[in-house]
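See structure below.
Values reported hereafter were calculated over all heavy atoms of this structure, with side chains retained and with hydrogens, waters and symmetry mates removed. Count residues from 1 along the sequence.
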Amino acid sequence: EGGKLAEGRTAPTLVERPYERHPDDSDNPLGDKTDDISTKLGQLIGRQTDNKTNDPPKNTSMPRPNLVLIVTDQQRGDCLGIAGHPELQTPHLDFFAASGARFTSAFSECPICIPARHTLMTGMAPDATGCVGWAPRQRIADPSSTLPELLRKNGYQTAQIGRNMHQFPHFKRYGFEEILDDPFADVYSRFRSIPKLTQHPDFQEWPHWMAHGLGPNGVDARAWPFDEEFHQTNFAVNKSLEWLDRRDRETPFFLSLGFI
């Protein structure tokens, strides 16, 4: 609002439309994995709600719910199929929106990745956290009162799997008891033996993004060059399911699940 479009351009018309499953055909960038990922996401949510062993905390009358926070990295608010975007297809996010509540007037405290994630972790606006821009080496303000730390202090088992919250230093947990965010953590040595991969200057830090010539914020669409188990989407979902299988069944849990 209040801005002007470039000459000759028209504003897109976005219309609400019901959720429709993306057809599993050759135009689907996930190929025949769409249904598999949908099934696994369903399993994840099913396991989140199917825990009947959580005892309520002392001196309360209500059981504590299990919590799953799913964060995608990242898109504008209108970049959803259910929002009527003319090109983008987001079947899994559309499913969540259609089967729950979608807040069409909600907004982020900051449209930049790191400040927005610090706000999610602390509940504080960027001017309070001190993180207002791209600051990958900035610590999260007040680590003693982050969302996972407060839940952990109140008896929750906490985990962060997949895309992280840009916490710095990387090893600092900020309340997460377990962090699994790198599909290649156990297999770096395997790829260092391949000369064409190790030639990239950023390989040592980002083999799963840089080794195939596509930067982490690139716009080119290319085929994933490694085994499917190492793809960030499959890694995040599979490790989340594994974590749910081995978690403490006598306590509630908080799982932060991130996709990139």
Side-chain angles (χ1 to χ4, degrees), residues 36-74 92-103 106 108-109 116-125 129 139-183 185 232-260:
D36 182 53
I37 295 174
S38 297
T39 299
K40 289 181 177 179
L41 283 172
Q43 291 173 349
L44 178 67
I45 301 304
R47 296 184 196 193
Q48 184 263 334
T49 58
D50 194 34
N51 179 20
K52 303 183 184 303
T53 62
N54 287 348
D55 296 324
K58 294 180 179 179
N59 302 321
T60 65
S61 58
M62 296 182 63
R64 294 170 293 178
N66 294 321
L67 304 172
V68 177
L69 172 64
I70 298 177
V71 180
T72 60
D73 184 359
Q74 65 191 19
H92 309 305
L93 296 178
D94 293 351
F95 171 79
F96 287 143
S99 59
R102 186 165 72 95
F103 299 93
S108 174
E109 282 282 355
R117 290 172 185 271
H118 283 213
T119 292
L120 276 175
M121 286 283 282
T122 63
M124 297 188 292
T129 65
R139 291 174 179 262
I140 293 177
D142 193 5
S144 64
S145 61
T146 63
L147 174 60
E149 178 63 15
L150 291 175
L151 289 169
R152 187 189 66 81
K153 289 178 179 178
N154 284 275
Y156 274 74
Q157 186 177 6
T158 60
Q160 180 183 78
I161 300 177
R163 183 71 169 99
N164 62 31
M165 287 291 182
H166 269 296
Q167 59 261 41
F168 177 82
H170 185 263
F171 56 78
K172 191 167 181 61
R173 298 186 178 275
Y174 290 101
F176 289 113
E177 297 171 323
E178 186 168 356
I179 297 177
L180 297 170
D181 61 359
D182 191 346
Q232 186 73 24
T233 298
N234 297 327
F235 169 82
V237 173
N238 289 333
K239 290 300 180 181
S240 294
L241 293 173
E242 292 175 9
W243 183 82
L244 289 172
D245 282 337
R246 57 182 171 80
R247 69 181 178 82
D248 185 348
R249 302 284 175 163
E250 295 184 351
T251 63
F253 69 84
F254 169 58
L255 170 61
S256 175
L257 171 58
F259 293 96
I260 188 169

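Among Asp73, Asp181, Thr72, the one residue that satisfies the side-chain hydrogen bond (donor to acceptor under 3.5 Å, both in side chains) test with Arg163 is Asp73.
Not one N or O on the side chain of Glu242 forms a donor-acceptor pair closer than 3.5 Å with the backbone of Ser240. Between the Gln157 side chain and the Asp248 main chain, a donor and an acceptor come within less than 3.5 Å of each other. Judged by distance alone, the side chain of Arg64 and the main-chain N or O of Asn154 form a donor-acceptor pair under 3.5 Å. Judged purely by atom type and a 3.5 angstrom limit, Thr158 has no side-chain atom pairing as donor or acceptor with the backbone of Arg152. At least one donor-acceptor pair under 3.5 Å links the side chain of Tyr174 to the backbone N or O of Ile140. With Lys153 contributing its side chain and Gly175 its backbone, the two residues share no donor-acceptor pair below 3.5 Å.
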CA sep, side-chain torsions, deciding dist, call: Phe176, Asn164, side chain to side chain contact (heavy atoms under 4.5 Å, CB included): CA-CA 11 Å; Phe176 289 113; Asn164 62 31; over 6 Å; no
Stepwise side chain to side chain contact (heavy atoms under 4.5 Å, CB included) test for Ile179 and Phe171: CA-CA 9 Å; Ile179 297 177; Phe171 56 78; over 6 Å; no
Audit row: Ile161, Leu255, side chain to side chain contact (heavy atoms under 4.5 Å, CB included) steps and yes/no: CA-CA 7 Å; Ile161 300 177; Leu255 170 61; 3.8 Å; yes
Intermediate values then yes/no, side chain to side chain contact (heavy atoms under 4.5 Å, CB included), Asn66 and Phe254: CA-CA 6 Å; Asn66 294 321; Phe254 169 58; over 6 Å; no
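Considering only heavy atoms from C-beta on, Gln167 stays 4.5 Å or farther from Met121 through its side chain. In this structure the side chain of Glu177 never reaches within 4.5 angstrom of the side chain of Pro148, judged on heavy atoms. A heavy-atom distance below 4.5 Å is not found between the side chains of Trp243 and Leu180. Looking at Val237 and Phe259, their side chains come closer than 4.5 Å, going by heavy atoms from C-beta outward. His166 is listed as a side-chain neighbour of Arg117, based on a closest heavy-atom distance under 4.5 Å. By the 4.5 Å heavy-atom criterion applied to side chains, Phe253 and Val68 are counted as neighbours.
Atom CG in Leu93 sits 8.5 Å away from atom CD1 in Ile70 (nearest 0.5 Å). How far OG1 of Thr129 is from CD of Glu109: 9.5 Å, rounded to the nearest 0.5 Å. Rounded to the nearest 0.5 angstrom, Glu149 CD and Arg173 CZ are separated by 12.0 Å. A distance of 12.5 Å separates CE in Met124 from CG in Leu120, rounded to the nearest 0.5 Å.
The two residues Pro252 and Pro65 make their nearest non-hydrogen contact at CB-O, 4.1 Å. Of all the heavy atoms in Ala97 and Arg102, the pair that sits closest is CB-CD, 3.7 Å. Arg139 and His118 make their closest contact through O-CE1, 3.8 Å (heavy atoms, listed as atom of the first residue, atom of the second, distance). Considering all non-hydrogen atoms of both residues, Asp142 and Ser145 come closest at OD2-OG, 2.6 Å. Here the closest heavy-atom approach between residue Gly258 and residue Ala236 is recorded as O-CB, 3.8 Å. Taking both residues in full, the closest heavy atoms of Met165 and Ser256 are given as CE-OG, 3.8 Å, listed atom of the first, atom of the second, then distance.
Taking 4.0 Å as the cut-off between side-chain N and carboxylate O, Arg247 and Glu178 do not count as a salt-bridged pair.
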